[in-house]
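Atoms within each ligand, like the ligands themselves, are counted from 1 in listed order.
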Amino acid sequence: MTENIVWHDAAVSHNDRVTQKQHQPALLWYTGLSGSGKSTIANAVDRKLFELGCHTYLLDGDNVRHGLNKDLGFNDTDRVENIRRITEVSRLFLDAGLIVGTAFISPFIADRAQARELAGEGFIEVFVDTPLEICEHRDPKGLYKKARAGDISHFTGISSPYEAPEKPEVHLKTDEMTIEQAAEQVVQYLKNKGMIPY
Ligand SMILES: Nc1ncnc2c1ncn2[C@@H]1O[C@H](COP(=O)(O)OS(=O)(=O)O)[C@@H](OP(=O)(O)O)[C@H]1O
Ligand SMILES: Nc1ncnc2c1ncn2[C@@H]1O[C@H](COP(=O)(O)OP(=O)(O)O)[C@@H](O)[C@H]1O
């Protein structure tokens, strides 16, 4: 489908953009069950990075599904397409030199591996590791209750699978830490890797 389309070189290069921002571009790929804390932690990290002077942008599951991906549901095929589009959008933001956060369940190892491959060395998988019982107890949107009652089908952890990361760069066990500690662990990872010079 791209046979008659020619890639256009940019007047402002990727390196120009990175140099201007004075930090490395990165893709913080949060993954975990619904209610695990992806949005909460990703927002806390985004705030911290913003206050450190980093150029960031956050893509959040619920919000993206209201716009770009509002044609998609929750069967396996739609979830794969959801993550494919998120990966492509993230690549554009990475090209712009930003530190991108993506907060999607992203339940399949293969899709996250594809995102890792396409994003390159700035890809950081952040496993928001919260046991199902705790997510279900938190149930911030009342969705687990509906899923258990059979009112929502294909619900992750109940009637749809979640494939946990095998070797995430950052592993957050949220039942053993506060939101602040979790966010700080992510920021420290970036500092330790020399991706943000602060
Ligand atoms: N069936 C089903 N399964 C899982 N989640 C559901 C479902 N239906 C609606 N929701 C709400 O949609 C949010 C998950 O969307 P994602 O785009 O992150 O999902 S996925 O990555 O495509 O699996 C998820 O948001 P989070 O709770 O923030 O994860 C839910 O609020
Ligand atoms: N240690 C913790 N880390 C993250 N979230 C926590 C923690 N303890 C309690 N919570 C609460 O759990 C809920 C997680 O919801 P949310 O961030 O929307 O999760 P997700 O985006 O994964 O669906 C929030 O209400 C948050 O305040």
Side-chain angles (χ1 to χ4, degrees), residues 27-48 57-90 93 100-116 118-119 123-165 168 170-189:
L27 174 50
L28 292 165
W29 190 285
Y30 300 86
T31 172
L33 295 168
S34 176
S36 59
K38 300 181 299 296
S39 294
T40 304
I41 295 167
N43 272 287
V45 170
D46 204 41
R47 190 77 229 170
K48 279 175 180 281
Y57 195 70
L58 188 55
L59 293 160
D60 188 274
D62 283 325
N63 300 349
V64 171
R65 278 179 173 277
H66 276 107
L68 176 68
N69 291 352
K70 70 177 175 189
D71 56 322
L72 301 177
F74 289 92
N75 60 40
D76 289 3
T77 310
D78 281 6
R79 287 185 203 249
V80 169
E81 176 60 11
N82 184 37
I83 298 308
R84 189 194 69 78
R85 291 184 199 171
I86 300 310
T87 301
E88 290 298 337
V89 172
S90 300
F93 285 129
V100 189
T102 57
F104 298 84
I105 297 175
S106 43
F108 302 128
I109 287 176
D111 300 331
R112 299 194 303 266
Q114 176 78 348
R116 179 185 291 276
L118 290 174
F123 185 89
I124 299 159
E125 190 170 40
V126 182
F127 181 20
V128 185
D129 184 4
T130 309
L132 177 64
E133 311 80 72
I134 294 181
C135 295
E136 196 162 353
H137 180 71
R138 288 182 186 162
D139 206 6
K141 301 167 199 157
L143 297 177
Y144 282 96
K145 201 164 169 229
K146 285 189 188 169
R148 288 288 185 197
D151 295 337
I152 306 179
S153 60
H154 305 290
F155 196 80
T156 308
I158 310 283
S159 45
S160 186
Y162 178 75
E163 300 171 359
V170 183
H171 192 158
L172 304 174
K173 298 188 176 183
T174 79
D175 54 333
E176 297 170 9
M177 62 204 321
T178 63
I179 294 162
E180 166 62 25
Q181 286 169 333
E184 197 48 40
Q185 190 176 326
V186 177
V187 173
Q188 278 304 326
Y189 179 89

Engineer: May I ask you to check if R112 and F127 form a cation-pi contact, with NZ or CZ under 6.0 angstrom from the six-membered ring centre and within 45° of the axis?
Structural biologist: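 Judged by the rule (NZ or CZ under 6.0 Å from the ring centre, within 45° of its axis), R112 is not positioned above F127.
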
Engineer: Give the atoms of ligand 2, by number and element, whose distance to some non-hydrogen atom of T40 is under 4.0 Å.
Structural biologist: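 Going through ligand 2 atom by atom, the ones under 4.0 Å from T40 are 14 (C), 15 (O), 16 (P), 17 (O), 24 (C), 26 (C).
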
Engineer: Pick from I179, D129, I41, I134: which one makes a side-chain contact (heavy atoms from CB on, under 4.5 Å) with T174?
Structural biologist: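 Per the side-chain contact (heavy atoms from CB on, under 4.5 Å) rule, the option paired with T174 is I41, out of I179, D129, I41, I134.
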
Engineer: For ligand 1, which atoms have a heavy atom of K141 less than 4.0 angstrom away?
Structural biologist: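 With K141 as reference, the close atoms of ligand 1 come out as 25 (O), 26 (P), 27 (O), 28 (O), 31 (O).
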
Engineer: Please write down residue, atom name and distance for the protein heavy atom closest to atom 13 (C) of ligand 1.
Structural biologist: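 Nearest neighbour among protein heavy atoms for atom 13 (C) of ligand 1, to 0.1 Å: D62 OD1, 3.6 Å.
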
Engineer: Please report whether ligand 1 has a polar contact with I105, defined as an N or O pair separated by less than 3.5 Å (distance criterion only).
Structural biologist: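 Yes, at least one N or O pair falls under 3.5 Å.
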
Engineer: Report, as yes or no, whether the 6.0 Å neighbourhood of atom OH on Y189 holds more than 12 heavy atoms from other residues, nucleotides or ligands.
Structural biologist: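 Yes - once you tally the heavy atoms of other residues, nucleotides and ligands closer than 6.0 Å, there are more than 12.
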
Engineer: Nearest 0.5 angstrom please: Q114 CD to E88 CD, how far?
Structural biologist: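 Between Q114 CD and E88 CD, I get 8.5 Å after rounding to 0.5 Å.
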
Engineer: Which value, rounded to the nearest 0.5 Å, describes the distance between I86 atom CD1 and L68 atom CG?
Structural biologist: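 I86 CD1 to L68 CG: 6.0 Å, rounded to 0.5 Å.
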
Engineer: Charged N to carboxylate O below 4.0 Å: is that the case for R85 and D71?
Structural biologist: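 Answer for the salt bridge query: yes.
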
Engineer: Looking at every heavy atom in both L58 and N43, which two are closest together, and how far apart are they?
Structural biologist: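 Closest heavy-atom pair between L58 and N43: CD2-OD1, 3.4 Å.
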
Engineer: Indicate the atoms forming the closest heavy-atom contact of I105 with Y162, along with that distance.
Structural biologist: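 Between these two residues, the closest heavy atoms are O-CE1, 3.6 Å.
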
Engineer: Any nitrogen or oxygen of I41, main chain or side chain, under 3.5 Å from a nitrogen or oxygen of ligand 2?
Structural biologist: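 Min N/O separation from ligand 2 is not below 3.5 Å for I41.
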
Engineer: Heavy atoms only: give me the nearest A147-I158 pair and the separation to one decimal.
Structural biologist: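 Closest heavy-atom pair between A147 and I158: CB-CG1, 4.3 Å.
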
Engineer: How far apart are the closest heavy atoms of Y144 and E136, and which atoms are they?
Structural biologist: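 That closest heavy-atom pairing would be CB-CG, 3.7 Å.
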
Engineer: Considering T156, V64, D60 one by one, which has a heavy atom nearer to atom 4 (C) of ligand 1 than any of the others?
Structural biologist: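 The nearest heavy atom belongs to T156.
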
Engineer: Look at atom 1 (N) of ligand 1 and say which protein heavy atom is nearest, naming residue and atom and giving the distance to 0.1 Å.
Structural biologist: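 The closest one turns out to be H154 O, 2.8 Å.
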
Engineer: Can you give me the closest heavy-atom contact between S153 and S159, atom names plus distance?
Structural biologist: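 Taking S153 first and S159 second, the nearest heavy atoms are C-OG, 4.0 Å.
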
Engineer: At under 4.0 Å between heavy atoms, is it the side chain or the backbone of F155 that contacts ligand 1, or both, or neither?
Structural biologist: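 Near ligand 1, F155 shows its backbone as well as its side chain.
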
Engineer: What atoms of ligand 1 come within less than 4.0 Å of a heavy atom belonging to I152?
Structural biologist: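 Heavy-atom distances to I152 below 4.0 Å select 1 (N).
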
Engineer: Would you kindly say whether S34 and T156 are connected by a side-chain donor-acceptor distance under 3.5 Å?
Structural biologist: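 There is no such pair (donor and acceptor under 3.5 Å, judged by atom type) between the side chains of S34 and T156.
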
Engineer: Closest non-hydrogen protein atom to atom 29 (O) of ligand 1, residue and atom name please, with distance?
Structural biologist: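 Ranking protein heavy atoms by distance from atom 29 (O) of ligand 1, first comes K38 NZ, 2.9 Å.
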
Engineer: Looking only at N/O atoms, are T178 and ligand 2 under 3.5 Å apart anywhere?
Structural biologist: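 Min N/O separation from ligand 2 is not below 3.5 Å for T178.
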
Engineer: For S34, counting its heavy atoms only, list the atoms of ligand 1 lying under 4.0 Å from any of them.
Structural biologist: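 Ligand 1 atoms under the 4.0 Å threshold to S34: 26 (P), 27 (O), 29 (O).
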
Engineer: Tell me which protein heavy atom sits closest to atom 8 (N) of ligand 1, plus the residue, atom name and distance to 0.1 Å.
Structural biologist: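 Here the nearest protein heavy atom works out to F74 CE1, 3.4 Å.
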
Engineer: For atom 7 (C) of ligand 2, tell me which residue out of K173, K141, R138 has the closest non-hydrogen atom.
Structural biologist: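 Looking at heavy atoms only, R138 sits closest to atom 7 (C) of ligand 2.
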
Engineer: If you measure every N or O of S39 against every N or O of ligand 1, does any of those distances drop under 3.5 Å?
Structural biologist: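 No, there is no polar N/O contact under 3.5 Å.
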
Engineer: Which of the numbered atoms in ligand 1 are under 4.0 angstrom from any heavy atom belonging to I83?
Structural biologist: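 That gives atoms 21 (O) of ligand 1.
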
Engineer: Working note: S106 + W29, criterion side-chain contact (heavy atoms from CB on, under 4.5 Å); need CA distance, chi angles, decisive distance, verdict.
Structural biologist: CA-CA 9 Å; S106 43; W29 190 285; 2.9 Å; yes

Engineer: I need the K145 NZ to I152 CD1 distance, nearest 0.5 Å.
Structural biologist: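 Spacing of NZ (K145) from CD1 (I152) equals 12.0 Å.
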
Engineer: Which ligand 1 atoms, with their elements, are less than 4.0 angstrom from a heavy-atom of G35?
Structural biologist: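 The atoms of ligand 1 under 4.0 Å from a heavy atom of G35 are 27 (O).
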
Engineer: Does the side chain of S39 pick up a donor-acceptor pair with the side chain of Y30 at under 3.5 Å?
Structural biologist: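 No.
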
Engineer: Is it true that S36 lies under 4.0 Å from ligand 2, counting heavy atoms only?
Structural biologist: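 So S36 counts as touching ligand 2.
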
Engineer: Quick one: does G37 get an N or O within less than 3.5 Å of an N or O on ligand 2?
Structural biologist: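 By distance alone, the answer is yes.
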
Engineer: I need the nearest protein heavy-atom contact for atom 23 (O) of ligand 2: residue, atom name and distance, please.
Structural biologist: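 Ranked first by proximity to atom 23 (O) of ligand 2 is G35 N, 2.7 Å.
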
Engineer: What atoms of ligand 2 come closer than 4.0 angstrom to any heavy atom of I179?
Structural biologist: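 Atoms satisfying the 4.0 Å criterion: 1 (N), 2 (C), 3 (N), 4 (C), 5 (N), 6 (C), 7 (C), 27 (O).
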
Engineer: With atoms numbered from 1 as shown, which atoms in ligand 2 lie under 4.0 angstrom from a non-hydrogen atom of M177?
Structural biologist: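 In order of numbering, the contacting atoms are 1 (N).
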
Engineer: Please could you name the atoms of ligand 1 that S153 approaches to less than 4.0 Å, counting only its heavy atoms?
Structural biologist: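 What qualifies from ligand 1 is 1 (N).
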
Engineer: Before you tell me yes or no, could you show the steps for E184 and K48 under salt bridge (charged side-chain N to carboxylate O under 4.0 Å, His left out), namely the whole-Å CA-CA distance, both residues' side-chain angles and the distance that decides it to 0.1 Å?
Structural biologist: CA-CA 8 Å; E184 197 48 40; K48 279 175 180 281; 2.8 Å; yes

Engineer: Measuring from atom 23 (O) of ligand 1, which candidate in R65, K146, R79, R112 has the nearest non-hydrogen atom?
Structural biologist: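 Looking at heavy atoms only, the winner is R79.
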
Engineer: Not counting sequence neighbours, which residues clear ring pair (Phe, Tyr, Trp, His ring centres under 6.0 Å) with H137? List them please.
Structural biologist: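 Counting only residues at least two positions away or on another chain, H137 forms no ring pair (Phe, Tyr, Trp, His ring centres under 6.0 Å).
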
Engineer: Any non-hydrogen atom of S34 lying under 4.0 Å from ligand 2?
Structural biologist: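 Yes.
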
Engineer: For atom 18 (O) of ligand 2, what is the nearest protein heavy atom, given as residue, atom name and distance?
Structural biologist: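 Result for atom 18 (O) of ligand 2: S39 CB, 4.0 Å.
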
Engineer: If we only count heavy atoms from C-beta on, is the K38 to D60 side-chain gap below 4.5 Å?
Structural biologist: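 No. Closest side-chain heavy atoms not under 4.5 Å.
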
Engineer: Side chain, backbone, both or neither: which part of L143 comes within less than 4.0 Å of ligand 1 when only heavy atoms are counted?
Structural biologist: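 Answer for L143: side chain.
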
Engineer: Starting from atom 22 (O) of ligand 1, what is the nearest protein heavy atom, named by residue and atom, and what distance separates them?
Structural biologist: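 Of the protein heavy atoms, N82 ND2, 2.7 Å lies nearest.
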
Engineer: With a cut-off of 4.0 Å, which atoms of ligand 1 are near a heavy atom of P107?
Structural biologist: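 Atoms satisfying the 4.0 Å criterion: 21 (O), 23 (O).
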
Engineer: If we only consider heavy atoms of G32, is any one of them less than 4.0 Å away from an atom in ligand 2?
Structural biologist: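 Checking ligand 2 against G32, which is what was asked, there is no heavy-atom contact under 4.0 Å.
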
Engineer: Identify, for atom 21 (O) of ligand 1, the protein heavy atom at the shortest distance, and state residue, atom and that distance.
Structural biologist: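 The answer is S106 N, 2.8 Å.
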
Engineer: Please state which protein non-hydrogen atom is closest to atom 25 (O) of ligand 2 and give its distance, to 0.1 Å?
Structural biologist: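 Looking at atom 25 (O) of ligand 2, the protein heavy atom closest to it is P140 CB, 4.3 Å.
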
Engineer: Would you mind telling me if ligand 2 is within reach of the side chain of L33, the backbone, both or neither, using heavy atoms under 4.0 Å?
Structural biologist: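 Near ligand 2, L33 shows its backbone, while the atoms from C-beta on stay back.
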
Engineer: Between I83 and F104, what is the shortest heavy-atom contact and its length?
Structural biologist: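 Closest pair (atom of I83, atom of F104, distance): CD1-CB, 4.0 Å.
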
Engineer: Taking a cutoff of less than 4.0 Å between a non-hydrogen atom of the residue and any ligand atom, is S160 in contact with ligand 1?
Structural biologist: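 S160 does not count as a contact of ligand 1 under the 4.0 Å cut-off.
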
